[in-house]
There are 2 protein chains.
Amino acid sequence: MSQHDLKLGHPSCGDCPIRHRAVCARCEADELAHLDAIKYYRSFQAGQTVIWSGDRMDFVASVVSGIATLTQTMEDGRRQMVGLLLPSDFVGRPGRGHAAYDVTATTDLVMCCFRKKPFEEMMISTPHIGQRLLEMTLDELDAAREWMLLLGRKTAREKISSLLAILARRDASLKAGAGACSFDLPLTREEMADYLGLTLETVSRQISALKREGVIELEGKRHVKVADIDRLIEQTGDDSDGGMLG
Amino acid sequence: MSQHDLKLGHPSCGDCPIRHRAVCARCEADELAHLDAIKYYRSFQAGQTVIWSGDRMDFVASVVSGIATLTQTMEDGRRQMVGLLLPSDFVGRPGRGHAAYDVTATTDLVMCCFRKKPFEEMMISTPHIGQRLLEMTLDELDAAREWMLLLGRKTAREKISSLLAILARRDASLKAGAGACSFDLPLTREEMADYLGLTLETVSRQISALKREGVIELEGKRHVKVADIDRLIEQTGDDSDGGMLG
DNA sequence: CCTTCGGTTTGATCTGAGTCAAGGCGCGCG
DNA sequence: CGCGCGCCTTGACTCAGATCAAACCGAAGG
């Protein structure tokens, strides 16, 4: 994603929700018309639940703007975030009738939904869509595997630093700024904890520690300034050439 | 996988390495001939490395027999397994030239490899293959997300129990046995630890504890007997209706 | 203005799993 | 047969992060 996605948007596509070379390079009028016939938009406020795990789900969707999370919850309430959906990311699974995870809007959110049946038919008649979906799913799988390393083997400090580095890089790629950058945290401390497999107290303490040591600066509780990205990346435990996210 | 895969093999396909409805239902002679032209087999002994992360990889492959693992390693040697490849699972990624993970044979292993270039061409000319690959990748993504919950939120005991339950279920599905079952562990204690985000000592201790409490029995160090699967599943922390693996 | 409230910080204490270290067990090989 | 070598187990101790508890901060609302 990130840099990649930016290149993929095709000028003539406007808000075409599946924005990428394969589809966009070919999205002639008739294809777009077909898309228009089966798609609709839904908006959510920050905090709203899009769908609960186990609910019937007769659509697939892509994020137009805002951020959503996928989480799994155990009977006793332990929660683990298993996906972070950014604009242009895809949710839902062709060939499955119910949601496998809770999907929640963490910021105001707009999604572009496609009724599942016609979408599946379209996937068959328009192979590029399936190909693009495969590409995206493989990217997600890579991200999930990077995340598994984080959950299984990294220390609390490395976990937080990794998360901040991801968010910083995401933003830096937009601003193409070098060493320094700054961004808003789109997640509460508790959501970060659910992302990282920690408690919110540990998240808070580690952020305080990074601040104390001058790796980051805070402006309010949600805005982060990073003077020297490399210094932050050193803390992540990753080998220098930032692999993350295929 | 498991039950699903068994149904998918098509009688006329023999050792056709991508065994499933979509391809097999259609694998007429000419398609098979085409496949034969670009595929070749490779065998590995238990413990051998198939490919190192970062190496050039000009093939994709599917596991014919045996078990392989995908692992990620940090600079200081911490290791996390991020994938467990069972027969019929797929490795490699169309459109990427180098391996992203270490792939290791944990048992004797046979893989069926396809040169990447012609495979990619075939994916375009034969949409079913891409569709099937998408299906498999989505299954893997689900498994990865289940795994993330395990890594981030489960206790050591729940982790071990979950792993044993997966292995038991995999075997039980073959034997279609009810309450009781028994199977060989395909992994060393250290590999289990890398799977679960634990140390090998903790794995050993937890297995001993499960044995002491009569949840499992051991015959030698590698063969496990489970008298009452439900008792084991209770220990996993999952909600009763065994969700795991889509 | 004060109150409430969600999100956050910080402190004190506890504990599950890691670390370090010493054997044990089974197997292949000289 | 006995030696060495993987692999596994067990014990003693430590410590990172969880838990429990209190207080802070800023925004919204009366």
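Quick caveat, the model's predicted, so the values are computed rather than measured. Letters go in sequence order (proteins before strands), and every chain restarts at 1. Only heavy atoms go into these numbers, but all of them, side chains included; no hydrogens, no water, no symmetry mates.
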Legend entry - Interatomic distance where CZ belongs to A/Arg189 and C1' belongs to C/dG6 [whole Å]: 13 Å
Legend entry - Residue-level proximity of residues 208-225 of chain A to DNA chain D when a heavy atom falls under 4.0 Å: none
Inset, instruction - Would you mind reading off the distance between B/Ile160 atom CD1 and D/dT9 atom P, rounded to a whole angstrom? - result: 10 Å
Inset, instruction - Mark yes when over 12 heavy atoms from residues, nucleotides or ligands other than B/Glu190 sit less than 6.0 Å from its CD; otherwise mark no. - result: no
Inset, instruction - Would you kindly give the CD-to-C1' distance between A/Glu191 and C/dG7, to the nearest whole Å? - result: 11 Å
Inset, instruction - Specify the closest pair of heavy atoms between B/Leu164 and B/Leu185, including all atoms of both residues, with the distance to one decimal. - result: CD2-CD2, 3.8 Å
Inset, instruction - Compare all side-chain heavy atoms of A/Asp58 with those of A/Arg56 and state whether any distance is below 4.5 angstrom. - result: yes
Legend entry - Exercise: identify the closest heavy-atom pair between B/Val60 and B/Gly92: CG1-C, 4.2 Å
Legend entry - Aromatic B/Phe59 / basic B/Arg42 pairing, under 6.0 angstrom, 45° off normal: yes
Legend entry - Closest contact, heavy atoms only, B/Leu187 versus B/Met192: O-CE, 3.7 Å
Inset, instruction - Could you tell me the separation between the CD1 atom of A/Ile207 and the C1' atom of C/dT10, rounded to a whole number of Å? - result: 14 Å
Inset, instruction - Would you kindly give the CE-to-P distance between A/Met192 and C/dG7, to the nearest whole Å? - result: 12 Å
Legend entry - For atom CD of B/Glu158 and atom P of C/dG16, their distance in whole Å: 12 Å
Inset, instruction - Between protein and nucleotides 12-20 of chain D, map the contacts as a letter string: B base, S sugar-phosphate only, - none, heavy atoms under 4.0 Å, written 5' to 3'. - result: B----SSBB
Inset, instruction - May I ask you to say whether B/Arg93 pairs ionically with A/Asp139, meaning some side-chain N is under 4.0 Å from a carboxylate O? - result: yes
Legend entry - Gap separating the CZ atom of A/Arg205 from the CG atom of A/Leu210, nearest 0.5 angstrom: 14.0 Å
Inset, instruction - Could you check how far CZ of B/Arg79 sits from P of C/dG18, rounded to whole Å? - result: 16 Å
Legend entry - Separation of atom CD in B/Glu190 from atom P in D/dG6, rounded to whole Å: 13 Å
Legend entry - Minimum heavy-atom distance between B/Ile229 and B/Cys181, given as atom pair plus value: CD1-SG, 3.8 Å
